[in-house]
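Whatever order the structure lists them in is the order used to number ligands and atoms, beginning at 1.
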Amino acid sequence: MEHDNHEKLTHFGYQKVSPQEKTSRVRSVFDSVASRYDLMNDVMSMGLHRLWKRCAVNRAQIRPGQAVLDLAGGTGDMTRLFSEALKGSGHLVLADINYSMVHQGRDRLLNNSVTKVDYVIANAEVLPFPDNYFHCVFIGFGLRNVTNKEATLKSINRVLRPGGRLIVLEFSQPNTWLKPLYDVYSFKLVPQLGEWIANDRDSYQYLVESIRMHPDQSALANMLNEAGFYKVQYENLTGGIVALHSGYKV
Ligand code: SAM
């Protein structure tokens, strides 16, 4: 049987690459930026990412005693907020494919006295958790980076318990009036900041390109529906620079 190699290609930013190459290049990006990741987030977003994350945790409506997965949890910002919401009870897991990011996150959370967390190195596409386990799975600025979004959404659906909630926080399509300014800011300034602060222009060039390649608000909502979620909805934050999607497992 003939293989059509083009069908198997995916995107790393604007470049078309094989799925294996995307996975390995995304890994290199986060290996490279891990130690400067938090500082860069504050500088690039002018602190706004903290507000976006607060909105996400409010949306999640976590109650003490629940099982919560911070998927692609990286350096643990959301894990810290979930830990506050759980008030020391329940089960909190930070899972990420990248050891460098999790290592930074674990140190940071321990420094902030957040101790009741399980850390798991895992690929979101094939989660190593039982069926029907979590009350809430959150993925923040992670879905854009996985190689296979459909597989990731299905894998999340499997580990959520019926009635459990998926929350996706991700860059999206800004409103038309904001777009020209946003384009200048992100294409001209963000890679430059990456060079100055993280000594890594390429990773931040990837960041801005990957945002452009990510499905817009309604396309992502459709993907959630197709993966089996119901009551799918989204809200735009900061004029659509970021969107907060949610859906329930049937
Ligand atoms: N959620 C954190 C936050 O909001 O600050 C970190 C977001 S960071 C932009 C993206 C994270 O996704 C990285 O830590 C990266 O290692 C992780 N990631 C990328 N592909 C993944 C995959 N297939 N499975 C799990 N994590 C993945």
Can an N or O of Asn123 be found at a distance shorter than 3.5 Å from an N or O of ligand 1?
-> yes
Met101 neighbourhood, listing ligand 1 atoms whose heavy-atom distance to it stays under 4.0 Å | 14 (O)
Report the member of Val33, Leu71, Ile97 with the shortest heavy-atom distance to atom 26 (N) of ligand 1.
-> Ile97
Ala95 N/O under 3.5 Å from ligand 1 N/O = no
Looking only at protein heavy atoms, identify the closest one to atom 10 (C) of ligand 1 and say how far it is in Å.
-> Phe141 O, 3.2 Å
Under 3.5 Å, N or O to N or O, is Lys53 touching ligand 1 that way?
-> yes
Identify the closest protein heavy atom to atom 19 (C) of ligand 1: which residue and atom is it, and at what distance?
-> Asn145 CB, 3.8 Å
Residues, nucleotides or ligands: over 12 heavy atoms within 6.0 Å of Phe187 CZ = yes
Of Leu143, Asp96, Asn98, Asp38, the residue with the heavy atom nearest atom 13 (C) of ligand 1 is Asp96
Can you tell me if His49 has a non-hydrogen atom under 4.0 Å from ligand 1?
-> no
Ranked by distance from atom 24 (N) of ligand 1, the top protein heavy atom is Ala124 N, 2.8 Å
Are any non-hydrogen side-chain atoms of Phe141 and Leu169 less than 4.5 angstrom apart?
-> yes
Pair Asp31 + Arg27: basic N to acidic O under 4.0 Å = no
Give a yes/no verdict on whether any heavy atom in Thr75 is under 4.0 Å from an atom of ligand 1.
-> no
Are any of the side-chain nitrogens in Asp42 or Arg50 under 4.0 Å away from the carboxylate oxygens of its partner?
-> yes
Hey, are Lys22 and Asn145 close enough side-chain-wise for a donor-acceptor pair under 3.5 Å?
-> no
Atoms of ligand 1 close to Gly73 [distance to a heavy atom under 4.0 angstrom, numbered from 1] = 1 (N), 2 (C)
Show your reasoning for whether ring pair (Phe, Tyr, Trp, His ring centres under 6.0 Å) applies to Tyr248 and Phe229.
-> CA-CA 5 Å; Tyr248 292 87; Phe229 292 93; 9.3 Å; no
Is the shortest distance from a Lys or Arg side-chain nitrogen in Arg54 or Glu84 to a carboxylate oxygen in the other one below 4.0 Å?
-> yes
Within 6.0 angstrom of Arg36 CZ, more than 12 heavy atoms from elsewhere | no
Counting only heavy atoms not in Asn58, do more than 12 sit closer than 6.0 Å to its CG atom?
-> yes
side-chain contact (heavy atoms from CB on, under 4.5 Å) partner of Ser203, chosen from Pro191, Ser32, Ser28 | Ser32
Backbone or side-chain N or O of Tyr37 under 3.5 Å from ligand 1 N or O = yes
Tell me which protein heavy atom sits closest to atom 12 (O) of ligand 1, plus the residue, atom name and distance to 0.1 Å.
-> Ala72 CB, 3.3 Å
Does ligand 1 have an atom under 4.0 Å from some heavy atom of Ala122?
-> yes
Please confirm whether Gly140 comes within less than 3.5 Å of ligand 1 when only nitrogen or oxygen atoms on both sides are compared.
-> yes
